[in-house]
Amino acid sequence: MSTSKSIQLILARQLASCIATPILLVDDQNALVYYNEPAEAIIHQRFDETGEMTAAEWTARFAAVDDDRNPIPPDDRPMMRALAESCPVSQKLWLRSSNGEWRHVQITAFPLIGEKGQLFGAMSIFWAI
Amino acid sequence: MKCTLWGTRGSLATPGPETARYGGNTSCVGVRGQDGAVLVLDAGTGIRGLGKTIDASVRRVDILLTHLHMDHIQGLGFFAPLYRRDVEIHIWGPVSSKVSLRERLMRYLSPPLFPVSLRELPCAITLHEVPCGDVDIGEFRVSSALVCHPGPTVGYRITGAQGSVMTYLPDHEPALGALKFPSLPRAWTSGGSLAASADLLIHDSQFTADEYPSHVGWGHSSLKDTLAFAALADVKHLVPFHHDPGHTDDDIDRLMNEAIAEAKPAYRVSPGREGATFQV
């Protein structure tokens, strides 16, 4: 997964690394290619330790359930839907961090679409509620 | 391939005795293949001199624009082959989501900014929007990718028939937003894949390290960051380019010597000088 990144992903990562809002960034294959320090605090995992993760890896590591504690299938998670549907998606859910603790979070994911309509990935901002 | 620098100045043409050695014309580089293919990288004021060297036997010229800032297109209307009926001119330039390349070029090549309209030119013009994957032009394979600079801007990687590579990134700020540069691997650095292991890298070096902090976001690099980028990309030969119009020849001599002494690059460095030629 260390192939060269598009300028859209590079700039999105630069932005994420400079702000205090927790941010996750996935590429067009749903691989988690970056999360910033504020996100690390919520998911209890350092990006330097995990590096990039495939969709299967990160959705398994950070399980998600709805308010009724029903598991949310990977394809129904905001980031996946933002990519699949090419539109912003907002959702409240419970996210299991690396230490096993469940955190109630609000997530808004949006696709990164290039000049010719090419999909480069998606970004999600989220915070504990 | 043979690369010739026809314009090395950034932002504004700067003629005069204080800039005579490195040159005052804005960005333009000519690339000639062994098969006679002619590539023109950007159409700054340096393109006028290049145009005079294209003889009557040439039937096709490809102009590769990195972006449409004025210093990169101002010479276009003075490129002699545009006024020949027997020449195909292919202009490659960055795509925009709202306005076509033709429409954006016509903003300049039309009255009142220029007396001749794009559609009135006698040559056969074809426009191509990039990035569009790898393209073969004569013996060259040309790759392009968007890079960090305000507005749609691309860099070009040109591979010659023998596999040699030259990369052209005249306006580029890969250090934008980085607290320390470089701090990420090449794959996560703007322009990194275009410049990877290039035999020749022509790269923006507009500012000094002291000038850069007050120009962050303007889309240009400090010479210090350019040297670091070239090391990250593992190039063999760097040509710092797009000199600031406020830097005299003596300034450039001093700044290059200081930066090279500090960085101690493992590759060759030749400050971009108008008229210089490189066999790649």
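Throughout, protein chains are lettered first and strands after them, A, B, ... in sequence-line order, and every chain is numbered starting at 1. Any value given below was found using the heavy atoms of this structure, including those in side chains, with hydrogens, waters and symmetry copies removed.
- Using a 4.5 Å cut-off on side-chain heavy atoms (C-beta onward), B:L12 and B:T26 make no contact.
- Contact of the A:Q8 side chain with the B:L146 side chain is registered, since non-hydrogen atoms from C-beta on lie closer than 4.5 Å.
- Using cut-offs of 30° and 60° on the angle between ring planes, the pair A:H104 and A:W94 is parallel.
- The contact between B:V95 and chain A is made by backbone and side chain atoms together, counting heavy-atom distances below 4.5 Å.
- With a 4.5 angstrom heavy-atom cutoff, B:P185 does not touch chain A via any of its atoms.
- Of the atoms belonging to B:P94, not a single heavy atom falls under 4.5 Å from chain A.
- Taking the six-membered ring wherever Trp is involved, the centroid distance between the rings of B:H220 and B:H172 does not fall below 6.0 Å.
- No part of A:L15 comes within reach of chain B, as not one of its non-hydrogen atoms sits under 4.5 angstrom from that chain.
- Counting heavy atoms from C-beta on, the side chains of B:E173 and B:V216 come closer than 4.5 Å.
- Of the atoms belonging to B:A178, heavy atoms from both backbone and side chain fall under 4.5 Å from chain A.
- Ring centers of B:F229 and B:H203: under 6.0 Å apart, within the cut-off.
- Looking at A:L11, only its side chain comes within 4.5 Å of chain B, counting heavy atoms on both sides.
- Residue B:L179 does not touch chain A at all, counting heavy-atom pairs closer than 4.5 Å.
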